[in-house]
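Whatever order the structure lists ligands and atoms in, that order sets their numbers, starting from 1.
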Amino acid sequence: MKKRTFLKMSSAVLTGAVLSPLAGCKKSEPTTAKAERLKNWAGNLEYSTENVTYPESVEQVQAFVRKTGKLRTLGTRHCFNKIADSPHQLLSTKNLDKVIALDTAKNTVTVEAGIRYGTLGEYLQGKGYALHNLASLPHISVAGSCATATHGSGVRNGNLASAVSAIEFVTAAGEVVTLSKEKDGEQFLGAVVGLGGLGVVTKVMLEIQPAYQVRQDVYENLPFGELEKNFEAIMSSGYSVSLFSNWQKNNVSEVWVKSRVTGGKPLAIKPELYGAKLAKRNLHPIAELASENCTEQMGVPGPWHERLPHFRMNFTPSSGKELQAEYFVPFSDAFAALKVINSMGDKWAADLMISEIRTIAADNLWMSTCYKRPSVAIHFTWKQHPDSVMKLLPVIEEQLAPFGARPHWGKLFTIPPAQLRSRYERFADFQQLLRQYDPKGKFRNEFLDLNLF
Ligand SMILES: Cc1cc2nc3c(=O)[nH]c(=O)nc-3n(C[C@H](O)[C@H](O)[C@H](O)COP(=O)(O)OP(=O)(O)OC[C@H]3O[C@@H](n4cnc5c(N)ncnc54)[C@H](O)[C@@H]3O)c2cc1C
């Protein structure tokens, strides 16, 4: 698809869904802040420059990219590593946060890159539509999430990037390029999980479906041994299933089962799931913590966007005193990988808050952690003990190496670059794609140089 065709196509099918299209595009200069340095959500990382610009239109992005030497794009700053960092210049998509078009004939929605999933969810629900899945929290930007292959759970659900049907981005030369699933085949598949390296994504078109209701039922204390024979059945017991454990009691402390409610019919929810008992109160993934920030449970049906995330949109955590790491292994190796992590519980005891296990369907996106591989994601929420955590990660990585574990692009990891690259079949093609749109490395930073070049 040629430049601009995407936008024209979107506006041609506009259904009155526009909130505020291209707000501020008359201004020629974006707002630029040069004050205190920004930190990421968790506060473990201060970005390496105080130069941050906040464009409000594609034209402003183009003009800024043309006149700037090196820069990185920022979404909602939820990554734990330096993938979004730059010592030179940051471009924030905070003000690119509008819905552009809802196409009810093609079942797509087109949004500006910086819109948060929670805001988009409210909008879509209001129009009778839904996305296929969401991550654990709704505060993250659409383009920033897709750039790192952010995911939710569900044996049949691809990650969030798998719902992308077109992207528009501004290249290093300041040109607007659009790639679509329908027309641009391989290039599109390479660009969607772009790690911020192709340019500034300005618009994203996502596949949608009719709105649906979801109920959440939580079970407590699943004996770890049940996973050996019943892992697939347990993870398939709902539309999206998450297991939580701190690996201390040879059990899964909580199983969160999110089920789609069809036709308003009540589901026959079992009081027991492979030995785990149905909870009688709302729970936080860490059972000792208060659950008021968590989405409604106890089988109360509600709209998809208020049940698929674990945490509520209107709750903004005062501090994110945590660190995260996550590794993706093939679904077929799930139990073997979990067994080794469980057997080393003592090692994690002092630093781990909780682990979460989720499943993700395979996709064809070159740099996706689930590329051609139905996957199980083993996630670790650590206490903010950076020194100990950075010593524990290589231990986990060594244990998971036989399974070809791929780390989450937005979380902490220490896998040597050569090993990392060997786990991505299309790695060389992706390098080539980056060189095509950014020949001089305008969008490269230390993280990309180290891991990709
Ligand atoms: C509390 C918490 C819970 C989380 N839960 C989950 C979860 O359930 N599942 C999961 O998979 N991950 C999860 N994450 C990780 C998070 O989803 C990812 O780090 C995601 O990338 C965050 O999006 P962001 O907009 O904040 O990205 P940022 O950190 O701002 O940026 C991420 C990357 O995207 C690039 N980027 C951002 N916007 C653009 C753009 N417009 N154009 C080009 N590049 C861009 C940046 O350059 C950077 O490389 C969680 C993180 C936190 C803090």
Requested in this report: Mark yes when over 12 heavy atoms from residues, nucleotides or ligands other than Q187 sit less than 6.0 Å from its CD; otherwise mark no.
Outcome: yes
Query - N40: side-chain contact (heavy atoms from CB on, under 4.5 Å) partners, not counting sequence neighbours - result: A42, N44, L45, Y47
**Report entry** side chain to side chain donor-acceptor pair (under 3.5 Å) pairs, two or more places apart, involving residues 143-153
**Finding:** T148-T150, H151-E326
Query raised in the report: Measuring from L74:CG to Q89:CD, what's the distance to the nearest 0.5 Å?
Result: 10.0 Å
Query raised in the report: If you count only heavy atoms, which residues are under 4.0 Å from ligand 1?
Result: W41, R72, T73, L74, G75, T76, R77, H78, C79, F80, I83, A84, T93, A113, A135, S136, L137, I140, S141, A143, G144, S145, A147, T148, T150, H151, L195, G196, G199, V200, V201, Q324, R358, H408, K411
Query raised in the report: Is L308 close to Y117 at the side-chain level, that is, under 4.5 Å between some pair of heavy atoms?
Result: no
Report task. Write out all pairs satisfying ring-ring contact (aromatic ring centres under 6.0 Å, His included) with one or both partners inside residues 163-187, taking only residues at least two apart or from two chains. Result -> F169-Y437
